[in-house]
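Scope of the values below: all heavy atoms of this structure, side chains included, with no hydrogens, waters or symmetry mates. Remember, it's 1-based here, ligands and their atoms both numbered in the order they're listed.
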Amino acid sequence: MTNVTVIGAQWGDEGKGKIIDWLSNRADMVARFQGGNNAGHTIVVGDKTYKLSLLPSGVVQAKRSIIGNGVVVDPWSLLDEIARVGAAGLTITPDILVLAENAVLVLPLHRELDAMREEAASQKIGTTKRGIGPAYEDKVGRRALRAIDLADLSALPAKIERLLAHHNVLRRGFGHAEADAKALLQSLADIAPKIVPFLGSSWRELHAARLAGKRVLFEGAQAVLLDIDHGTYPFVTSSNTVAGQAAAGTGVGPREIGTVLGIVKSYTTRVGEGPFPTELKDATGDRLGERGHEFGTVTGRKRRCGWFDAALVRQTVITGGVDGIALTKLDVLDGFDEIKVCTGYALDGKILDHLPASANAQAGLTPIYETLKGWSES
Ligand code: IMO
Ligand code: MG
């Protein structure tokens, strides 16, 4: 078994990009299986820094890279990213990049709906406003446009009509102008010739790779605590982020995903709203954020910081299907006299060794800490 699946085992930003880049040296192919341009993976190679959102990290090592069917793809954003990394010296051709024909497209109306909802909500989720949630809703609602639709523009008007019949009701309700079918068709027609050359079959690519004995790295985005089923619902992203999704999101069987590596940061961060039992809203939290450069790659937001939560990671190792952990950013803890590790929670006089399912209960947890002696050298 030589394939490896990499997932985040906390709330994202654990350093997945760095580890994936390092592992991709030994892989023949890299495949993304969920999320979209809400992900932000920073990869530093020598004196160059690449900020990737939709492109699989394999492109940095010029490995054949697949954007799997489980990913939602904003085609304009993809073209921008290809241009951006092109300017940094990486040429992305159809020899390097394959976009699954059956991947769902993120459209401007998804970004707009994401923003309208966040603005209207009294309890915000703190999304990246990239339209990720609304695009997955349309996928499940069976009215989404898919990448392959760009290859047959004559069939698009009917699909757009079906999609807008749904969206324009919502837009009217939000007091927003209706989406214009003609304008959407025209803007899709404009980019189609640039996207279509990348279209391919994720499942056939991966099947051929398997027959040829090639090694595949499955690249997760976000993290298990943001999983739509297993995360801190409703403060989650709209896809499954657990290792099981690597199979469904690319078109391979569950036995093909190989060893599952969970990326874990030696403290905890979270961007956006939602429960965070070990959050530090004090000088220690600020120190972690400053030493760890905890600002979002995608939105530039300051990340919330706190101590390592072993109870959470114990849980995500189980639900995520993690075989081994890569622990990152341990050097951020250099110089602390004491380091705290959360081993469980107190709730209403009871001790819990896991995160309860109710959002209210999650918000009311008091962490139980074990205090460890720090170290002064690196
Ligand atoms: P990477 O791959 C950290 C968070 C958002 C928000 C919630 C829902 O870089 O680790 P969405 O736009 O997905 O509907 O927002 O999920 N979020 C992330 N947090 N790292 C990420 O990706 C994230 N992608 C989404 O901040 O709380
Ligand atoms: Mg990130």
> Just verifying a value: how many Å separate Asp114 CG and Thr128 OG1, rounded to the nearest 0.5 Å?
6.5 Å
> For Lys340, does the NZ atom sit with more than 12 other heavy atoms under 6.0 Å from it, leaving out its own atoms?
no
> Provide, to 0.1 Å, the distance between atom 15 (O) of ligand 1 and the closest protein heavy atom, together with that atom's residue and name.
Thr127 CA, 3.3 Å
> If you consider just the N/O/S atoms, which atom of Asp13 is the closest one to the Mg ion (ligand 2)?
OD1
> Which of the atoms of ligand 1 are close to Lys16, meaning less than 4.0 Å from one of its heavy atoms?
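Contacts of ligand 1 toward Lys16, numbered from 1: 1 (P), 2 (O), 10 (O).
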> For Arg303, state whether at least one heavy atom is located under 4.0 Å from any atom of ligand 1.
no
> Below 4.0 Å, non-hydrogen atoms only: which portion of Arg130 touches ligand 1? Side chain, backbone, both or neither.
neither
> Using distance alone, with no hydrogens and no angle criterion, decide if Glu81 and Ser53 have a side-chain donor and acceptor under 3.5 Å apart.
no
> Any side-chain donor-acceptor pair under 3.5 Å between Gln222 and Asn38?
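The criterion, which ignores hydrogens and geometry beyond distance, is satisfied for Asn38 and Gln222.
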> For residues His41 and Asp21, is any side-chain donor paired with an opposing acceptor at under 3.5 Å?
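No donor-acceptor contact under 3.5 Å links the two side chains.
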> Does Gly40 have a non-hydrogen atom less than 4.0 Å from ligand 1?
yes
> Nearest protein heavy-atom contact for atom 3 (C) of ligand 1: which residue, which atom, what distance?
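Nearest protein contact, heavy atoms only, for atom 3 (C) of ligand 1 is Asp13 OD2, 3.1 Å.
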> Of the choices Thr237, Ile263, Leu225, which has the non-hydrogen atom that lies closest to atom 13 (O) of ligand 1?
Thr237
> Suppose I only count heavy atoms of Ile125 and a 4.0 Å limit; which atoms of ligand 1 are within that range?
27 (O)
> Of the protein's non-hydrogen atoms, which lies at the shortest distance from atom 27 (O) of ligand 1, and what is that distance?
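Of the protein heavy atoms, Val271 O, 3.1 Å lies nearest.
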> Centre of Tyr267's six-membered ring, under 6.0 Å away, within 45 degrees of the axis: is that where NZ or CZ of Arg291 sits?
no
> Which atoms from ligand 1 have a heavy atom of Ala221 less than 4.0 Å away?
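With Ala221 as reference, the close atoms of ligand 1 come out as 2 (O).
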> Using a strict 4.0 Å cut-off to heavy atoms of Gly126, name the atoms of ligand 1 that fall inside it.
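Per the distance check, 5 (C), 6 (C), 26 (O), 27 (O).
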> Counting backbone and side-chain atoms alike, is an N, O or S atom of Gly17 positioned under 2.8 Å from the Mg ion (ligand 2)?
no
> Judged by atom type as modelled, is there a donor-acceptor pair below 3.5 Å linking the side chain of His110 to the main-chain atoms of Leu107?
yes
> Using a 3.5 Å cut-off on N or O atoms only, is Asp114 in polar contact with ligand 1?
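No: no nitrogen or oxygen of Asp114 is under 3.5 Å from one in ligand 1.
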> With a 3.5 Å cut-off and no angle check, do the side chains of Asp334 and Ser378 form a donor-acceptor pair?
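Checked: Asp334/Ser378 side chains pair up, N/O donor to acceptor below 3.5 Å.
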> Atom 25 (C) of ligand 1: which protein heavy atom is closest, and how many Å away?
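Heavy-atom neighbour on the protein nearest atom 25 (C) of ligand 1: Gln222 CG, 3.7 Å.
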> Could you check Trp375, Trp307, Phe308 and say which one makes a ring-ring contact (aromatic ring centres under 6.0 Å, His included) with Phe336?
Trp307
> Below 4.0 Å from ligand 1: does a non-hydrogen atom of Val236 turn up there or not?
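Yes, Val236 has a heavy atom closer than 4.0 Å to ligand 1.
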> Of the options Arg143, Glu137, Arg171, which is the one that meets His166 in a side-chain hydrogen bond (donor to acceptor under 3.5 Å, both in side chains)?
Arg143
> Looking only at protein heavy atoms, identify the closest one to atom 18 (C) of ligand 1 and say how far it is in Å.
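Of the protein heavy atoms, Leu226 CD1, 3.6 Å lies nearest.
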> Are any of the heavy atoms in Trp11 under 4.0 Å away from ligand 1?
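Heavy atoms of Trp11 do come under 4.0 Å of ligand 1.
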> Does any N/O atom on Gly12 come nearer than 3.5 Å to any N/O atom on ligand 1?
no
> With atoms numbered from 1 as shown, which atoms in ligand 1 lie under 4.0 angstrom from a non-hydrogen atom of Gly272?
27 (O)
> Does even one non-hydrogen atom of Arg301 get within less than 4.0 Å of ligand 1?
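Contact present.
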> What's the shortest distance from atom 12 (O) of ligand 1 to any protein heavy atom, and which residue and atom give it?
Thr128 OG1, 2.5 Å
> Please walk me through it: do Arg130 and Ser77 pass side chain to side chain donor-acceptor pair (under 3.5 Å)?
CA-CA 10 Å; Arg130 295 294 187 273; Ser77 172; over 6 Å; no
> Is the side chain of Asp149 donor-acceptor paired with the backbone N or O of Arg146 at a distance under 3.5 Å, no angle test?
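Indeed, once roles are kept as given, a pair shorter than 3.5 Å links the two residues.
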> For the side chain of Gln245 and the backbone of Ser239, is there at least one donor-acceptor N/O pair under 3.5 Å apart?
no
